[in-house]
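Within every chain, numbering begins at 1; the chains are lettered A, B, ... in the order of the sequence lines, protein sequences first and strands thereafter. Keep in mind that the numbers below use all heavy atoms, side chains included, and drop hydrogens, waters and symmetry copies. Predicted model only: the values in this text are computed from it and were never measured.
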Amino acid sequence: MKKYNPKLIERKWQKKWAESGIYKDYSKPKKFYALDMFPYPSGAGLHVGHPKGYIATDVVSRFKMLNGFSVLHPMGWDAFGLPAENYAIQNKIHPEAAVKENIKTFKKQLGLFGFTYDWDREINTTDPEYYKWTQWIFLKMFEKGLAFESDEPINWCPSCQTGLALEDLENGLCERCGTQVVQKKMRQWVLKMTDYADRLLEDLDREELDWEKSIVDQQKNWIGRSEGAIVKFSIVTNGSLASTMEAKLPNMLEVFTTRLDTIFGCTYCVVGPEHPIIEKLKDQIKNYKEVEKYVIKAQNKTDLERTDLQKEKTGVELQGIRVTNPFNNEELPLFVADYVLGHYGTGAVMAVPAHDERDFEFAKKYKLPIKKVILPEELLNIPRNLEDIAAGARTELRVESDCFICDGKLVNSGKYSDLTSEKAREKMAAWLEKKKIGGKKVNYKMRDWVFSRQRYWGEPIPIIHCEKCGTVGVPEKDLPVELPKVEKYEPTGTGEGPLANIKEWVNAECPQCGGPGKRETNTMPQWAGSSWYYLRYIDPKNEKELVGKTEEKKWMPVDLYVGGAEHATRHLLYARFWHKFLYDIGVVSTKEPFKKLVHVGLIQGEDGRKMSKRWGNVINPDEVIFEYGADSIRLYEMFMGPFMQNIAWNTKGVVGMRRFLDKVWKLKSVISEQRSVNNNLEILLHKTIKKVTEDIESFRFNTAISALMIFLNELEKQERLFTVHCSLFIKLLSPFVPHIAEEIWEKLGHDKSIFFEKWPEYDPKLIKDEQIMLVIQINGKVRDQIEVASGVKEKDAKELALAQDKIVKYIGDSSIKKIIFVRDRLINFVI
RNA sequence: GGGUGAGUGGCGAAAUGGUAUACGCACUAGCCUUAGGAGCUAGCGGGGCAACCCAUGGAGGUUCGAAUCCUCUCUCACCCACCA
């Protein structure tokens with residue numbers, strides 16, 4: 001018998017699979033679309049952590065094939081964007097060349113694992129034939145008014161020299177390079193994602209959406225819907241209402257609040273430093289110099305400084321300006337303070353120090369009045385019975401500081417006093433609406449998507465600026481607008497993209513009037529191409545449409561999507577947004593793109609830290625495969641623990657998997673005859689079929705594999721092995737370790753691939769043991785166990801149990817108070 | 001500060017109200033071997049000669065019975081964070 005030699009076997013089968021194209025049978029009636037988050041091909045190549053998710057989708061894909069599904073399992077490259085470009089700049093290669101090189105490496109590395117990818121469907125986001133459609137989607141959004149130009153200040157990374165979306169920040173630092181982001185006012189393309197906020201939120205609760213709770217919660221949190229109200233405070237300047245229409249001065253200050261019930265406790269109002277009212281009322285503000293100084297200082301602060309929770313709150317009163325609370329006509333001071341954010345709500349708030357911690361802090365510092373208008377309900381119904389107090393009935397009653405931020409009952413609130421917070425909010429909002437000075441309003445934390453980057457390596461935005469016609473979309477027939485090949489592509493830092501330097505590219509005819517125009521020089525962000533790629537796999541060669549209708553209907557939605565949890569609020573939100581837009585314009589037929597979403601846990605370095613060059617703890621899969629074989633690493637990564645959990649790599653673990661496969665390999669030589677007998681092994685086999693089937697379906701690969709190991713251990717104890725047992729066992733193993741499974745299958749005398757076989761079904765009659773071990777407990781403690789026929793009745797079990805010496809001894813003279821009998825499991829005597 | 005999840009042998013972990021520690025790694029002893037980063041056999045939570053007792057971060061509770069459910073508490077990880 002030859003030794004198990006994974007190198008030979010794996011090369012042989014990978015070649016055979018590629019030649020025969022067994023994975024490309026898309027003719028079966030049932031479909032399954034298995035998708036991995038495609039990688040961006042970095043220069044470092046794959047480490048052992050990357051393939052974990054890919055292995056899982058491959059296991060499920062093969063499992064589904066065996067269960068009679070047509071399986072679409074594609075792979076491609078997300079190659080635009082900052083990481084690829086920064087890598088190219090650092091290594092002084094053109095990004096296009098770098099990407100080409102890196103893809104080659106990645107593809108070679110992935111090839112070693114024996115995945116079922118249909119490489120005919122390979123896509124690359126930097127391919128003009130691909131980004132033609134990315135640009136097409138942008139144009140459609142532009143046509144519908146969802147893509148527009150804006151001059152709002154945005155987050156600017158001084159190191160990457162580009163604007164960033166809110167989603168690209170980590171604690172106010174650039175997510176890519178860690179540089180502090182600054183606010184910069186500049187012309188930007190923005191996608192109106194907030195128009196879809198409600199649908200993005202609501203559809204997360206759709207029944208057919210089988211997503212992990214943590215990711216659903218993260219998205220909900222990010223979208224951040226909050227129901228509140230707008231209240232208009234009238235503005236009083238120098239003692240009179242500022243409604244002189246001639247001067248066009250604003251006469252109302254709009255604030256947003258979720259706690260309208262606390263409005264009688266409002267003792268001042270605050271606007272953020274960005275608020276336009278400051279500029280507009282500058283002549284009325286007595287201390288304008290001081291105010292201006294504060295505003296400039298606040299604007300120069302980085303986001304990190306400004307949002308630092310530890311820092312003390314600061315602000316300046318706008319002297320000469322007062323605002324009036326419409327509910328009680330009280331005149332209140334107005335402040336500017338940078339704890340109020342310009343971009344959320346109306347950029348202005350009513351401050352209620354008694355019931356908001358931030359206002360409380362500010363009011364204490366500036367000695368502003370604090371007026372209580374909400375009391376905890378418990379305080380109003382103090383229990384008469386002192387014993388209740390002793391019993392802890394009032395543990396809920398805790399007023400730790402003078403600031404009470406929960407709902408309760410209103411006091412000192414005019415006709416609204418004695419109402420609960422919830423009721424008061426309803427009534428007050430209704431009153432505001434009646435008086436036309438505000439009303440209910442829903443706000444979102446999520447902001448529109450800042451969609452332009454001042455960089456070279458991205459999809460050109462297909463827009464031409466014409467002096468006469470303004471911004472004009474490039475006609476569909478002229479797509480793609482190809483990214484020009486240039487020598488110099490470093491960022492300019494001026495706010496224009498590097499493309500601005502290429503005169504012959506920039507100057508273009510206006511598609512509308514034929515006059516001189518200039519091309520848009522900003523490019524799209526990294527996330528553009530990945531926002532719809534799953535659709536292109538379905539119909540990658542289609543030149544006329546983004547995706548053909550028939551093909552789209554056949555494959556969508558994606559049945560299984562596997563990837564890292566870090567994409568919960570960016571890629572997954574952007575993709576859902578684009579998908580909903582494509583649904584609205586009739587390109588796709590499903591409301592949501594991804595049916596089941598599973599996130600893959602990180603594989604950390606052997607030192608428990610994140611695998612990275614910096615720590616020198618990177619494990620290269622090529623070397624592991626060279627040493628132990630692809631099947632061993634596949635098996636190990638699925639066995640190492642719960643799929644979603646982060647776990648440190650341990651090469652010793654791969655050794656164990658190799659030992660297991662060595663034993664599997666040896667089995668084939670001792671198979672003696674083809675016969676089935678009904679014995680314990682048969683029962684175990686059917687139990688194993690059940691367990692492996694269920695575990696693969698629910699992503700519990702680790703326990704599926706352990707069941708297979710238990711079965712092998714049992715097989716090894718047998719004197720004679722029967723072909724039927726071994727065949728079924730190999731089939732169960734095949735999704736995990738396809739190469740060795742094929743080889744053994746062939747050696748067993750089959751001339752067709754094991755993946756043309758049918759997945760084994762268990763016999764429900766066989767998974768019931770005939771004899772079971774019945775546990776005997778006394779007062780819940782295990783004291784003995786007896787072998788009895790399964791399905792034994794309580795009466796018989798009791799008799800048998802009470803006949804055991806040990807039990808007799810334990811019970812002694814005590815009387816049995818109660819007997820608990822759990823069928824086929826235990827009998828418990830309470831004495 | 002908010003959200004989510006998790007704490008079980010030397011290590012990765014299993015068990016979702018019913019025999020805690022399956023399976024794998026590491027380790028120990030023995031066999032085989034010129035040798036072993038190979039293979040085989042046995043052992044492997046702690047204590048005890050034993051009968052047994054004690055153990056799932058900690059403290060209570062519910063239950064005939066709790067790693068699992070409830071209350072409090074400690075620790076760790078990830079995500080969000082002045083969102084009014």
Identify all pairs in which a protein N or O lies below 3.5 Å from an N or O of nucleotides 53-55 of chain B, and state each distance.
from  : atom 1 : to       : atom 2 : distance (Å)
B/C53 : OP1    : A/Arg783 : NH2    : 3.2
B/C53 : OP2    : A/Arg783 : NH1    : 3.3

Listed partners of [X] passing side-chain hydrogen bond (donor to acceptor under 3.5 Å, both in side chains), at least two apart:
| X | value |
| --- | --- |
| A/Lys220 | A/Asp205 |
| A/Trp211 | none |
| A/Asp217 | A/Lys213 |
| A/Thr194 | A/Asp448 |

Output all residues satisfying side chain to side chain contact (heavy atoms under 4.5 Å, CB included) with A/Ser421, sequence neighbours left out; order by chain, then residue number.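 If we apply the side chain to side chain contact (heavy atoms under 4.5 Å, CB included) test to A/Ser421, skipping adjacent residues, the hits are A/Arg259, A/Asp261, A/Ile374, A/Asp407, A/Leu410, A/Arg425.
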Tell me, what's RNA chain B's dot-bracket, Watson-Crick or G-U with both distances under 3.5 Å, | for other-strand, [ ] crossing? (((((((..(((.....[....))).(((((.......))))).(((....)))..(((((..]....))))))))))))....
Using a cut-off of under 3.5 Å, enumerate the N/O to N/O pairs linking the protein to nucleotides 61-71 of chain B.
from  : atom 1 : to       : atom 2 : distance (Å)
B/C64 : OP1    : A/Lys818 : NZ     : 3.4
B/C64 : O2     : A/Asn828 : ND2    : 2.4

List for me each residue that meets salt bridge (Lys or Arg N to Asp or Glu O under 4.0 Å) alongside A/Lys365, sequence neighbours excluded, and say none if there are none.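 By the salt bridge (Lys or Arg N to Asp or Glu O under 4.0 Å) rule, A/Lys365 matches A/Glu312.
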All N/O contacts under 3.5 Å from nucleotides 13-17 of chain B to the protein, with atom names and distances to one decimal?
from  : atom 1 : to       : atom 2 : distance (Å)
B/A13 : OP1    : A/Gln645 : NE2    : 2.2
B/A14 : OP1    : A/Asn702 : ND2    : 2.9

By nearest atom, which of the nucleotides B/A26, B/G18, B/C52 is closest to the A/Arg825 side chain?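 Nucleotide nearest to A/Arg825's side chain: B/G18.
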A/Asn221 has its side chain closest, among B/A20, B/C80, B/G39, to B/C80
A/Tyr628: which residues meet the ring pair (Phe, Tyr, Trp, His ring centres under 6.0 Å) condition with it, sequence neighbours left out?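 With sequence neighbours excluded, A/Tyr628 shows a ring pair (Phe, Tyr, Trp, His ring centres under 6.0 Å) to no residue whatsoever.
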For A/Tyr339, which residues count as a ring pair (Phe, Tyr, Trp, His ring centres under 6.0 Å) partner, sequence neighbours excluded?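 Counting only residues at least two positions away or on another chain, A/Tyr339 forms a ring pair (Phe, Tyr, Trp, His ring centres under 6.0 Å) with A/Phe362.
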Looking only at non-hydrogen atoms, find the nearest pair between A/Ala568 and A/Gln218 and report the distance.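 For A/Ala568 versus A/Gln218, the nearest heavy atoms are CB-OE1, 3.3 Å.
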